[in-house]
2 protein chains.
Amino acid sequence: MTASPASSASSARECSIANALAVVGERWSLLVLREVLLGNVRFESIAANTGGSRDILSARLRTLVEAGVLERRLYDEHPRRYEYLPTEAGWALQPILLALMDWGDRYVTQGPPPTVWEHSCGAELHLEAVCAACGEPASSGQSRLLRLGGVDQVPAG
Amino acid sequence: MTASPASSASSARECSIANALAVVGERWSLLVLREVLLGNVRFESIAANTGGSRDILSARLRTLVEAGVLERRLYDEHPRRYEYLPTEAGWALQPILLALMDWGDRYVTQGPPPTVWEHSCGAELHLEAVCAACGEPASSGQSRLLRLGGVDQVPAG
DNA sequence: ACTGCTGAGTTGGAAAATCCAACCCACGAC
DNA sequence: GTCGTGGGTTGGATTTTCCAACTCAGCAGT
């Protein structure tokens, strides 16, 4: 937790990708999020389904709560037991996880996709990233950098 | 490179998110990708713009090349110099980076977004994840798990 | 010929994160 | 009273990461 990618050396870009990774970029963070978003909100099931060591999971859960991505809620008074619920920021990570899954299905996983979602329209869910304004796909070549690290970019050409 | 999140303990879920993270989930990997996709394909500019140590960047570049995400290309014979170009799999990570950026803008970065893209439609680019089949947003509650780790799920209710 | 500069790394040693198994504590059930 | 469960913590070994310094090769200037 000392030097995050975002806050390291001299002239690294100020960048929300790095800032996001400083919060959810550590090992196991996104796997913990996966479980929590699937509804496995208790320590035991998170440990079982991710396969991570209990100590680092404990640490990750703590940092994710501190970062406001999860909320730790007491669900049983007497043997004090807690569960970890996604906050709004936590739910907002779902598209990232689905996009990672899609990419993994396509370029890493051998054989058929191990996990399949059905969209409310009835089809198997595959993500597409579109421009929120016009709805057109935001694929490569369809976008241009306007400003980077607070510095406006000059159009090439 | 020994124990990736994907290949660890006993009963961890078989999952393309974990598989994807085994490839691009290490520290600095996605920041390297960011630079390469921005066109900074040479070691020096990757080091300068990410702020990562040269040794781990060197290691990351090697693993990303081995994973087929980048391609190492000789661009100068005599002082042997190489550059790192994204493969198709590398370009396919762009939506993930943009989604991370959006999330970071919204929930982590203080103040105005440091990086702004313009879509070909003229608007500032903000991503939306939609179902590839019907085009409707794939937000939470709009999808249902069909199969997980090779095991079909029973609909709740 | 000598000096410095650039690009692309490698090396060495310190510091931090991760791994793993084992342990702890509180409770409820048998 | 012993077992099992949930939710962790502790100790010690192993791996990564950090950082600065170094290398090596070619070119540019003087």
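Just so we're on the same page: letters track the sequence lines, and every chain starts at 1.
- In this entry the distance linking CD1 of A/Ile56 with C1' of D/dT15 reads 12 Å, nearest Å.
- Here the CZ atom belonging to A/Arg34 is positioned 11.5 Å from the CG atom belonging to A/Leu100, to the nearest 0.5 angstrom.
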Nucleotide N/O of nucleotides 7-11 of chain D paired with protein N/O under 3.5 Å:
| residue | atom | partner | partner atom | Å |
| --- | --- | --- | --- | --- |
| D/dG7 | OP1 | A/Tyr75 | OH | 2.9 |
| D/dG7 | OP1 | A/Tyr82 | O | 3.2 |
| D/dG7 | N7 | A/Glu44 | OE2 | 3.0 |
| D/dG7 | N7 | A/Arg54 | NH2 | 2.9 |
| D/dG8 | OP1 | A/Arg72 | NH2 | 3.0 |
| D/dG8 | OP2 | A/Tyr84 | OH | 2.8 |
| D/dG8 | N7 | A/Arg54 | NE | 2.9 |
| D/dG8 | N7 | A/Arg54 | NH2 | 2.9 |
| D/dG8 | O6 | A/Arg54 | NE | 3.3 |
| D/dT9 | OP2 | A/Ser58 | OG | 2.7 |

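- Considering only side-chain N and O atoms, B/Trp28 lies under 4.0 angstrom from the phosphate OP1 or OP2 of D/dC18.
- Formation of a donor-acceptor pair under 3.5 Å by the A/Thr50 side chain with backbone atoms of A/Ile46 is found in this model.
- Between the CZ atom of B/Arg73 and the P atom of C/dG7 there is a distance of 17 Å, rounded to whole Å.
- Protein atom CD of B/Glu77 is 19 Å distant from nucleotide atom P of C/dG7, rounded to whole Å.
- The NE2-C1' distance, from B/His78 to C/dG7, rounds to 16 Å in whole Å.
- Annotation: the span from A/Arg60 atom CZ to A/Arg27 atom CZ amounts to 10.0 Å, rounded to 0.5 Å.
- Taking atom CG of residue B/Leu21 and atom P of nucleotide C/dT18, one finds them 14 Å apart after rounding to whole Å.
- Distance check: B/Leu127 CG to B/Leu98 CG gives 5.0 Å after rounding to the nearest 0.5 Å.
- Counting heavy atoms from C-beta outward, A/Arg81 and A/Arg42 have side chains that stay 4.5 Å or more apart.
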* Passes side-chain contact (heavy atoms from CB on, under 4.5 Å), A/Thr63 versus A/Val69? Steps please. -> CA-CA 9 Å; A/Thr63 61; A/Val69 174; over 6 Å; no

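- To the nearest 0.5 angstrom, B/Cys131 atom SG is 5.5 Å from A/Leu125 atom CG.
- Listed for the A/Asn49 side chain is a donor-acceptor partner under 3.5 Å among the backbone atoms of A/Ser45.
- In this structure, the helix from C/dA1-D/dT30 to C/dC30-D/dG1 shows an angle of 0° between the axis at its start and the axis at its end, each fitted on 5 base pairs and rounded to 10°.
- Residue B/Leu57 contributes atom CG, which lies 12 Å from atom P of C/dT10 at whole-angstrom precision.
- Distance, B/Glu26 CD to C/dT18 P: 12 Å, rounded to whole Å.
- Without hydrogens or angle criteria, A/Thr87 side chain to A/Gly90 main chain gives a donor-acceptor distance under 3.5 Å.
- To the nearest angstrom, P of D/dC19 lies 11 Å from CZ of B/Arg27.
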